[in-house]
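For the numbers below, each heavy atom of this structure counts, side chains included, while hydrogens, waters and symmetry mates do not. In each ligand, atom 1 is the first atom listed, and ligand 1 is the first ligand listed.
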Amino acid sequence: MKKKGTKETYTLADLRDWQEATQDVSPPIRLSVFGDPVVHSLSPQMQNAALRHVNIEMQYARFHIRPGELREALQLAREWQFLGLNLTIPHKIAAVGLMDSVDELPKKIGSVNAVRIAGGVLEGFNTDGEGFGRAIRDNFAIDLRDLRVLVLGAGGAARAIAFHCASERCERLVIVNRDPKKAKRLVDELHPNFTGPRVFGPVARLEAVPWDESAIRFQLANLDLIVNATPLGLRPRDPSPIPARALAPHLMVLDTVYRGGKTALVRAAEEAGARAADGRLMLLHQGAAAFEIWFDQPAPLGAMRDALK
Ligand code: NDP
């Protein structure tokens, strides 16, 4: 099955005139990712490999949809009978209020990254937390339970990761965000999960910490895992959100960002002697979980993994 006539990236203008935009496209586009930026997304190559592997005659495409365009884009995806969507930066939080129904988990997290469209109804799901947990196991051969974790960010991905850490009963969770109010709000929401007495040393099990090198350094001795859930690293010239001098060899570092080549954080972590991985395996596992929601059958994980190599 060979793809015909698809563009690298579609826009809202294409969706408004979808029949014209896709007249040469075969098989039809019925799945997509909406984001801004989105050009870096490897979801199309991974999901198209999965569709080919299981002989489903449809394609997955990338859409550059700006924040003010999300409502109309979702409406049009419904009209054109799309079957499923992924939402990436910056749409995951706004999308919650634009669904017809929202599964219990994304309602609690306040973030939707996967949408199923069945009978014209938009149903919101979140597979980021599950994808994150499986990526930690896949990259570092360890479970989250009992780990001491620092998450950079308090947006859609960070919220899913933080709630997953809480549900997996990690030992300690530190949230660091550029806007400290959002970090504090997330910590307040997670508080009921961290009331137990288990703790190594005199540090709090759950806290929001300022986005500040000295404050992060102060945490190092009481952390096992650092996760970047901000977009810092997407652009080749982005600095590492944490410099190598503020990292240490005992740490595991997961950058949810991925791009061609190592991200600045992965380079900084390796320089500090820490174990580090980028976001490809999280992409794989959250994408496999979304595939299973759309098609109600096991995702062809091997084919999807090969497509990301
Ligand atoms: P959101 O827009 O919901 O949240 C963005 C977060 O990043 C906010 O906490 C924001 O802070 C912070 N941020 C944005 N710009 C900067 C900056 N210049 N410096 C410091 N902090 C910044 O986006 P998502 O949560 O959906 O996505 C975040 C990133 O996570 C994406 O770039 C994506 O690459 C990655 N991701 C990867 C996945 C994977 O499968 N590998 C899955 C999901 C996400 P503030 O609140 O202060 O604005």
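- In summary, Arg259 and Asp238 do not engage in a salt bridge, as defined by a charged side-chain N under 4.0 Å from a carboxylate O.
- Residue contact check: Lys182 has heavy atoms under 4.0 Å from atoms 45 (P), 46 (O), 48 (O) of ligand 1.
- Of the listed options Asp179, Thr230, Ile175, Thr263, Thr230 places a heavy atom closest to atom 21 (N) of ligand 1.
- Side-chain atoms of His250 and Asp224 include no donor-acceptor pair closer than 3.5 Å.
- Taking all heavy atoms of Arg235, Lys92, Arg259 into account, the minimum distance to atom 43 (C) of ligand 1 is reached by Lys92.
- Between Arg145 and Glu168, none of the side-chain N atoms (NZ, or NE/NH1/NH2) sits under 4.0 Å from a carboxylate O, so this pair counts as no salt bridge.
- Gln59 and Asn48 share no side-chain donor-acceptor pair at under 3.5 Å.
- Of the candidates Gly155, Ala229, Pro67, Pro239, the one placing a heavy atom closest to atom 28 (C) of ligand 1 is Ala229.
- Only the side chain of Asn177 comes within 4.0 Å of ligand 1, counting heavy atoms alone; its backbone N, CA, C and O stay farther away.
- With rounding to the nearest 0.5 Å, the separation of NZ in Lys262 from CZ in Arg267 is 9.0 Å.
- Every atom of ligand 1 with a heavy atom of Leu283 under 4.0 Å away is listed here by number and element: 39 (C), 40 (O), 41 (N).
- Residue Arg280 places no N or O, backbone or side chain, under 3.5 Å from any N or O of ligand 1.
- Counting protein heavy atoms under 4.0 angstrom from atom 33 (C) of ligand 1 gives zero.
- The shortest contact between atom 35 (C) of ligand 1 and any protein heavy atom is with Thr256 OG1, 3.2 Å.
- Remark: distances from the non-hydrogen atoms of Gly131 to ligand 1 are all 4.0 Å or more.
- Side chain to side chain, Arg62 and Gln45 fail the donor-acceptor criterion of an N or O pair below 3.5 Å.
- Contact atoms of ligand 1 toward Pro90: 2 (O) (distance under 4.0 Å to a heavy atom of the residue).
- Taken to the nearest 0.5 Å, the CZ atom of Phe163 stands 13.0 Å off from the CD1 atom of Ile161.
- When non-hydrogen atoms are compared, ligand 1 lies under 4.0 Å from the side chain of Gln286 (C-beta onward) but not from its backbone.
- Annotation: side chain of Arg275 is not in contact with side chain of Leu251 (no heavy-atom distance under 4.5 Å).
- In terms of protein heavy-atom proximity, atom 2 (O) of ligand 1 is closest to Ile89 CG1, 3.5 Å.
- Regarding atom 13 (N) of ligand 1, its nearest protein heavy-atom neighbour is Pro231 CD, 3.6 Å.
- With hydrogens left out, the protein atom closest to atom 3 (O) of ligand 1 is Gly156 N, 2.8 Å, a heavy atom.
- Judged purely by atom type and a 3.5 angstrom limit, Glu292 has no side-chain atom pairing as donor or acceptor with the backbone of Pro298.
- The side chain of Asp128, and not its backbone, has at least one atom closer than 4.0 Å to an atom of ligand 1 (non-hydrogen atoms only; side chain from C-beta on).
- Checking Thr263 against Asp255 by side-chain atom types alone, a donor-acceptor pair falls below 3.5 Å.
- Counting heavy atoms under 4.0 Å from ligand 1, residue Ala157 touches it through both backbone and side chain.
- If you look at Asn113 next to ligand 1, there are no close heavy atoms at all, none under 4.0 Å.
- Residue Ala154 approaches ligand 1 through these ligand atoms, each under 4.0 Å from one of its heavy atoms: 9 (O).
- For atom 19 (N) of ligand 1, the nearest protein heavy atom (residue, atom name, distance) is Leu232 CD1, 3.5 Å.
- Under 4.0 Å is where a charged nitrogen must lie from a carboxylate oxygen, and between Asp188 and Lys184 at least one such pair does.
- The salt bridge (charged side-chain N to carboxylate O under 4.0 Å, His left out) test with Glu72 is passed by exactly one of Arg66, Arg78, Arg16: Arg16.
- Set against the non-hydrogen atoms of Leu234, the atoms of ligand 1 under 4.0 Å away are 32 (O).
- Taking the six-membered ring where the residue is Trp, Trp18 and Phe63 present tilted rings, their angle falling between 30° and 60°.
- Contacts with ligand 1 closer than 4.0 Å are made by heavy atoms of both the backbone and the side chain of Met282.
- Using a cutoff of 4.0 Å between basic side-chain nitrogens and carboxylate oxygens, Glu213 and Arg217 are scored as salt-bridged.
- Among protein heavy atoms, atom 17 (C) of ligand 1 sits closest to Arg178 NH1, 3.3 Å.
- Annotation for ligand 1: atoms under 4.0 Å from non-hydrogen atoms of Gly153 are 9 (O).
- Counting only N and O atoms by type, the side chains of Asp128 and Ser111 include no donor and acceptor under 3.5 Å apart.
- Of all the atoms in ligand 1, the ones that sit under 4.0 Å from a non-hydrogen atom of Trp211 are 20 (C).
- The distance criterion of under 3.5 Å between nitrogen or oxygen atoms is not met by Val257 with respect to ligand 1.
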